[in-house]
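In this text the structure is predicted, and so the values were computed from the model without any measurement. Letters A, B, ... mirror the listed sequences (proteins, then strands); counts begin at 1. Values reported hereafter were calculated over all heavy atoms of this structure, with side chains retained and with hydrogens, waters and symmetry mates removed.
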There are 2 protein chains.
Amino acid sequence: MKTGAKVGISERKAREREERGRRIVVAARTIAERDGWASVTIRRLADEIEYSQPVLYSHFQNRDEIVGAVALEGFGELAGILRAAIRPSSTPEEAIEGVATAYLDFAFARPAMYEAMFILPTGLRFARSDTPTQLREGFGAMATVIAPFAQDVDTATETFWAALHGLAELERHGRIRPAFRSHRITLIMQMVSGQLQR
Amino acid sequence: MKTGAKVGISERKAREREERGRRIVVAARTIAERDGWASVTIRRLADEIEYSQPVLYSHFQNRDEIVGAVALEGFGELAGILRAAIRPSSTPEEAIEGVATAYLDFAFARPAMYEAMFILPTGLRFARSDTPTQLREGFGAMATVIAPFAQDVDTATETFWAALHGLAELERHGRIRPAFRSHRITLIMQMVSGQLQR
DNA sequence: CATATATTCTAGCATTGCTAGTTTGTCAAT
DNA sequence: ATTGACAAACTAGCAATGCTAGAATATATG
């Protein structure tokens with residue numbers, strides 16, 4: 001019978017299948033970070049995992065879902081980085097600056113990953129009941145450092161996040177001067193903390 | 001000879017050619033705003049202007065340049081909208097809020113245009129000697145309302161712009177709550193003007 | 001009229017995401 | 001061992017894309 005004495009076999013198969021899915025995501029990420037997302041084609045991924053193309057579609061509905069899987073990893077890593085940037089010894093102002101700097105460092109150190117997370121179509125669903133925790137944790141880290149300065153923490157965090165995202169995107173596209181990045185961070189920190197000098 | 005008595009002919013031809021180029025850009029914009037940029041294909045544009053596909057490549061090097069031409073129009077329009085948002089009777093604080101609101105209204109009313117201006121590859125060159133004026137004027141309008149509150153106007157304007165761009169993008173991607181848009185604008189206005197209540 | 005020069009078109013290449021339909025492998029029941 | 005049913009994977013191909021070489025056509029020049 002199908003689920004008979006040798007249950008271990010189907011479990012092993014499930015593991016191997018899971019492992020193959022992982023290899024697809026790893027390959028997608030690797031290629032994207034080295035050659036850009038345009039080079040992440042189904043054919044190239046199929047070559048990489050040494051299976052034919054249709055196999056990929058038994059793991060993901062379409063290419064966008066593969067990008068989404070990489071993006072999800074990214075959100076998890078970003079959350080960790082932002083949390084780590086909050087030193088217990090730092091003042092509230094320093095905490096803001098630290099998180100802002102860490103956020104932008106992430107964006108510029110991993111442009112392909114950032115692109116998957118915020119630019120490319122991924123099919124990821126935000127602000128839903130089934131939203132993965134990775135998508136919430138980064139927001140939580142930012143909220144932590146914003147809270148001391150805000151009445152409406154959620155709205156203030158959204159605004160802080162938007163400012164960081166805008167800085168990342170405009171600089172990535174060469175619209176603002178890279179040399180003044182730290183000045184802009186300082187400005188945001190002063191504005192949020194209400195210590196703006198003029 | 002080539003430039004003989006009938007100079008008018010070649011001038012008429014140049015005009016017609018110019019006109020044909022315009023029609024390409026208009027068609028691209030129209031299709032993009034109705035069906036999205038993915039529907040703006042060379043074949044569809046060729047159909048629209050009733051010429052064969054290779055003709056497009058005598059006007060633009062590639063598809064990206066067509067997107068760029070549309071984006072350039074968009075920068076001109078955005079600049080006008082931002083300037084118009086600065087009412088002479090308004091206080092400096094109101095001016096900031098007005099420009100911010102106008103910016104986001106533009107982004108949400110013309111998503112395809114905004115995408116061409118800020119997301120898609122266009123080949124447009126910023127911060128160069130040959131940078132078209134359209135690309136500078138929008139920045140200028142923002143700088144006008146930021147100047148009363150800033151020491152380093154350029155850096156402060158870059159930061160303000162980044163905040164607006166981030167708000168537009170995160171909301172467009174469903175990452176932040178649309179219902180709180182005006183709250184976030186108020187927050188930015190208060191932060192920039194140093195009137196943050198906490 | 002003949003010839004050179006632009007202009008425009010036809011036809012096609014290479015690449016993409018995706019899928020239908022077939023082949024191959026697996027495993028329980030005979 | 002053989003068979004038959006089911007699952008897994010592959011081959012082959014479709015339709016669409018950006019772009020281009022080379023042929024055909026129109027236009028201007030001698």
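In this structure, Leu56(A) places its CG atom 16 Å from P of dA8(D), rounding to the nearest Å. Spacing between atom CD1 of Ile42(B) and atom P of dG18(D) amounts to 5 Å, rounded to whole angstrom units. Atom CZ of Arg44(B) is separated from atom P of dA16(D) by 13 Å (rounded to the nearest Å). Distance, Tyr57(A) OH to dA9(D) C1': 15 Å, rounded to whole Å. If you take CD of Glu16(B) and C1' of dT27(D), they are 13 Å apart, rounded to a whole angstrom.
Between Arg184(A) and Glu97(A) there is no salt bridge, since none of the side-chain N atoms of the basic residue sits less than 4.0 Å from a carboxylate O of the acidic one. Salt bridge annotation for Glu73(A)-Arg22(A): present, with a cationic side-chain nitrogen under 4.0 angstrom from a carboxylate oxygen. We find that Glu115(B) and Arg29(B) are not joined by a salt bridge, their nearest charged nitrogen and carboxylate oxygen being 4.0 Å or further apart. Ion pairing between Glu137(B) and Arg83(B) holds under the 4.0 Å rule for side-chain N and carboxylate O.
Within a 6.0 Å radius of CD in Glu50(A), no more than 12 heavy atoms belonging to other residues, nucleotides or ligands are found.
You'll find the ring centres of His165(A) and Tyr114(A) inside the 6.0 Å limit.
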Collect all protein-nucleotide pairs involving nucleotides 7-11 of chain C in which both atoms are nitrogen or oxygen and the distance is under 3.5 Å.
{"unit_1": "dT8(C)", "atom_1": "OP2", "unit_2": "Arg20(B)", "atom_2": "NH1", "d": "3.2"}
{"unit_1": "dT8(C)", "atom_1": "OP2", "unit_2": "Arg20(B)", "atom_2": "NH2", "d": "3.2"}
{"unit_1": "dC9(C)", "atom_1": "OP2", "unit_2": "Ser52(B)", "atom_2": "N", "d": "2.9"}
{"unit_1": "dC9(C)", "atom_1": "OP2", "unit_2": "Ser52(B)", "atom_2": "OG", "d": "2.8"}

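Contacts with DNA chain C (heavy atom under 4.0 Å) in residues 59-67 of chain A: Asn62(A), Arg63(A), listed by number.
Both the sub-6.0 Å distance and the 45° axial angle are not jointly satisfied by Arg172(B) relative to the ring of Phe108(B).
Partners of Phe75(A) under the ring pair (Phe, Tyr, Trp, His ring centres under 6.0 Å) rule, at least two apart in sequence or in another chain, are Phe118(A), Phe126(A).
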